[in-house]
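Structure first, then comments.
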Protein chains: 2
Amino acid sequence: MRVTAKTIAKQLNMSPATVDRVLHNRGGVKPKTVNKVLAKAEELNYTPNKSASFLAKKKLVKVAFVLPEYPEYFWKEIERGIDNALEDITDYGFHVDIKKTSHTIEHQLETVHTIINSGEYDGMVICPKDGVSLTNIIESAVNNDFPIFTFNNDSPESGRISYVGANYYDAGKLAGDLASKFTGESKRFAIIIDEADTYQMKQKRKGFEAFTLENGDVDFVKLLRLDNQSMSASLEKVRQNIADVDSVYVACGALAEVAEQVKQMESNKPVLIGHDLNDAVYHQLQEDIVTATICQDPHYQGSLAVRLAFNYLMLDKLPEKEDNVVKLEIVTKGNAKYYLN
Amino acid sequence: MRVTAKTIAKQLNMSPATVDRVLHNRGGVKPKTVNKVLAKAEELNYTPNKSASFLAKKKLVKVAFVLPEYPEYFWKEIERGIDNALEDITDYGFHVDIKKTSHTIEHQLETVHTIINSGEYDGMVICPKDGVSLTNIIESAVNNDFPIFTFNNDSPESGRISYVGANYYDAGKLAGDLASKFTGESKRFAIIIDEADTYQMKQKRKGFEAFTLENGDVDFVKLLRLDNQSMSASLEKVRQNIADVDSVYVACGALAEVAEQVKQMESNKPVLIGHDLNDAVYHQLQEDIVTATICQDPHYQGSLAVRLAFNYLMLDKLPEKEDNVVKLEIVTKGNAKYYLN
DNA sequence: CTGTTAGCGCTTTCAA
DNA sequence: TTGAAAGCGCTAACAG
C-alpha cells in the first residue's frame, strides 16, 4: 500500500486537511499537532504525490518561448528538447507557446511587448537578439512579477531569473585548445567572424585569443571578417588569406561556407574548426574538410529551460544557479552521427 | 478550460465511462458510438491526462536494476540519471530498486535468480558481467513474461526486450580517428587491453584496428596487455614498450595508471587516449598528459533505461529500437569540466 | 485551530 | 451496449 496523507491522518486520528495544512505550512495549526504530523510523515517515509496535487490545484500556467528563426536546424533541436521535457508536465497544467521572431530587434521587442501585455502568459523564456537592448523591458517585467528567463544569449544586467546556455568564452578557448592539438609544430591561426560581431562572437574571439596567449607556441592569430552583403567576394578573399595558415576557427555561422572554400584549396589545407552541426557540416566532417565542430547539446538546453520555468512557476522553486551553463561537446568524423537530428 | 473525457461525454450526451471505453478500445461499444467519440476527441483536440489515469489505475510497478559496483564514479553518474528520470514517474507508481553485484558472475547469477523468484518485481534492467553466460536465464525469464532489458553491456542472443548502451566498436573507431588527428606525419600506435579481454574491449580493439586499416598512413598498431595480478610490473613494461610510439589508446579501465607512466617519460611522450573520466583523468587532461578521453553520457543512459522500462511496463509501449545506442562524447582539457560530477 | 465536503480527470466495478 | 457511482491522493472552501 501507498503511504498517503490519509494514512498519516488515520494513524493520528485527525483529518487529511490538517495534515495537508502542516505539510505545506499553511499555518493555523497547533504546534503540537504540527510536530506529531511531521514526526509521523518522517516515520512512514511519506512523499507527497505531485500528480494528485496538481490535479487538485487545477492551476494552469502558460509560458512563452521567444526564439529566433535561424539557424533552423539548431532551433528545431531545441524544440525537440522542449517538447521532451513537456511530455509529463503538460498533464500538470504547464503549457508552452513558442514564438519565432525574425531578424530585427524591433520585431523582437514588439513581440515581447505583446506577450507581456496580453495577460495570457505567466512567464517568458527568451533568446535575446541583443541582451543590452532588452535590458529595460526585461527588468520592468520582472519587477512587475512577470518572470523572465534568458536562453542561449544572456541579458545579465536585466535581473532575469536565470540564464540557460553556453559559455561562449569557454567555447572560444576550447576551439583554441583543439586548433592547437590538431596542428603540428607550426601554429599559425586565423579566426573568422562576421560584421554583426555579436556578444557571442566577441566572447568566442576573446576565449580563442586568451588560449593562444596562454600558449606561447602559437605563432599568430589572424582576424578575418566576412561581409554578409557581398558574401561570395568576401569568402574568396578569406580563401586567399588563409593560404599561409595552419588552422582556421570559424566563430560565426558560416562554417559550411568557409569549408567549401577550403575544399577548393589545392594544398596546405588548414585544420578547420567551427560551431554547430548541420547536414553540410556533417558531410564536410566525413570528407575531412572540417576537423571538428563544437556543439552545445541543444536538446538538453531546451529541456533544462522548461524545467527551470516549471520549477519556478509551479513548484515555487528558484533555480539553484543564476547561470545554467550547458556542456560544450566536441564533434568529429568519428562521433558526428550521434549529433545529427 | 481543459478538454477532458467528460467534455466529450457531455457534448455527445453520454457518460464518461463510454468515452473511456472507446478511448482505450476496450470493446463492447456500438461502432456508431465509437466513431462519434473518436470524431469529437479529434475535433476538440483531446489529450488524456496521464496523471489522472495513473492515479485512478493505482497500479504499482517495481523494477530491479542490477549493476556492477565498479568503477564507482561511472555508476554513480548512471544512478543520477536514473533518479532524475524517476522524478516525475514515481508519482505514477513506478519504482526502482538498485542492486549492486560484485565481481563474480556467480554472484550476479544468484542475484538475478533471487530477483526473479522473489515475485517482488515486474521487470529488470541488467548490466551483464558477461552477456553469454546470462543468455539462458534471461531467455527463460523473458519467455515467462518477466521483461528484461540489458544495459551498458548486451546479451544479444537472450531475447532481452532491448539494449541501452554504447557501441564499443564505434568507440574504438573514434579512438582511432582521434589518435590519427592528434598525431603528425608519423603514426605508430599502441593499444592497451587487459587480460579480462571482455566483449566490450574486443569490440573497441576491433574498431580501432578497423580504423587503422582503412587509413593507410598508420604505420603500425602494437597490442599491449596489462596483467591485473602484477599491475606495477606490467605497467612498467608498458612504459618501455611505448617509447617508440606516437599515440597510445587505453581500451581497458587503466587510463589513469597508464597516464602516470607516461608522465614519467622524459621525452617523446605519446598522445594518450582512453575512456571515461574520473578525478585522476581530469587532472591528467589539465596537465596535457591525457589528450582526450571518450565518454558515454552516463546520465542520459540511466534515464533512457528508466524511460524504456516505464514505457514498456506502464504504457505498454515497446521500445522503437532493439538497440538504443547512446552518444560517444569527446572530452579534452577544454571541455572536461562539464563532464565532472 | 480543526473537520467536512466536494471535486480535479480518469478507471473500474456493478447494475441496467 | 450503456450509465451510475465510488474512489485514486490531494486541495480548497466553508463551517464550526
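Within every chain, numbering begins at 1; the chains are lettered A, B, ... in the order of the sequence lines, protein sequences first and strands thereafter.
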Just by distance, no angles: are the side chains of B/Lys40 and B/Gln11 close enough, under 3.5 Å, to form a donor-acceptor pair? yes
May I ask you to decide if the ring planes of B/Tyr92 and B/Phe54 are parallel, tilted or perpendicular, using 30° and 60° as cut-offs? parallel
Atom CZ of A/Phe94 and atom P of C/dC8 are separated, to the nearest Å, by 23 Å
Quick one: is D/dT2 close enough that its OP1 or OP2 comes under 4.0 Å of any side-chain N or O from B/Thr33? yes
Measure from CG on A/Leu23 to P on C/dT2 and round the result to the nearest Å. 15 Å
Using a cut-off of 6.0 Å, state whether more than 12 heavy atoms not belonging to A/His113 lie near its atom NE2. no
Distance in angstrom units between A/Lys59 NZ and C/dG7 C1', rounded: 19 Å
I'd like a table of atom pairs between the protein and nucleotides 7-9 of chain D - only N or O on both sides, under 3.5 Å - with the distance next to each one.
residue, atom, partner, partner atom, Å
D/dC8, O2, B/Leu55, O, 3.4
D/dC8, O2, B/Ala56, N, 3.2
D/dG9, N2, A/Ala52, O, 3.2

Grab the NZ-C1' distance between B/Lys36 and D/dT2 for me, whole Å please. 12 Å
Let's go through B/Lys50 and A/Glu87 carefully: what are the C-alpha distance in whole Å and the side-chain angles of both, what is the deciding distance for salt bridge (Lys or Arg N to Asp or Glu O under 4.0 Å) to 0.1 Å, and is it a yes or a no? CA-CA 10 Å; B/Lys50 277 200 252 48; A/Glu87 196 162 306; 5.7 Å; no
Please indicate whether B/Lys6 has more than 12 foreign heavy atoms, meaning atoms of other residues, nucleotides or ligands, lying under 6.0 Å from its NZ. no
Charged N-O contact under 4.0 Å between A/Glu72 and A/Lys100: no
Below 30° counts as parallel, above 60° as perpendicular, anything between as tilted: where do the rings of A/Trp75 and A/Phe151 land? tilted
Would you list the protein and nucleotides 3-6 of chain C atom pairs, both N or O, that sit under 3.5 Å from each other?
residue, atom, partner, partner atom, Å
C/dG3, OP2, A/Ser15, N, 3.1
C/dG3, OP2, A/Ser15, OG, 3.4
C/dG3, OP2, A/Thr18, OG1, 2.8
C/dG3, N7, A/Arg21, NH2, 2.7
C/dG3, O6, A/Arg21, NH1, 3.1
C/dG3, O6, A/Arg21, NH2, 3.4

What I'd like to find out is whether the side chain of B/Ile89 reaches to under 4.5 Å of the side chain of B/Val306, using heavy atoms alone. yes
On DNA chain D, compare the nucleotides closest to B/Gly27 and A/Phe54; which residue's is nearer the 5' end? B/Gly27
B/Ile8 has an atom CD1; how far is it from atom P of D/dT2, in whole Å? 15 Å
Determine, using ring centers only, whether B/Phe146 and B/Tyr121 are less than 6.0 Å apart. no
Take atom CG of A/Leu60 and atom C1' of C/dC8, then tell me their distance rounded to the nearest Å. 11 Å
To the nearest angstrom, how far is B/His24 atom NE2 from C/dG9 atom P? 16 Å
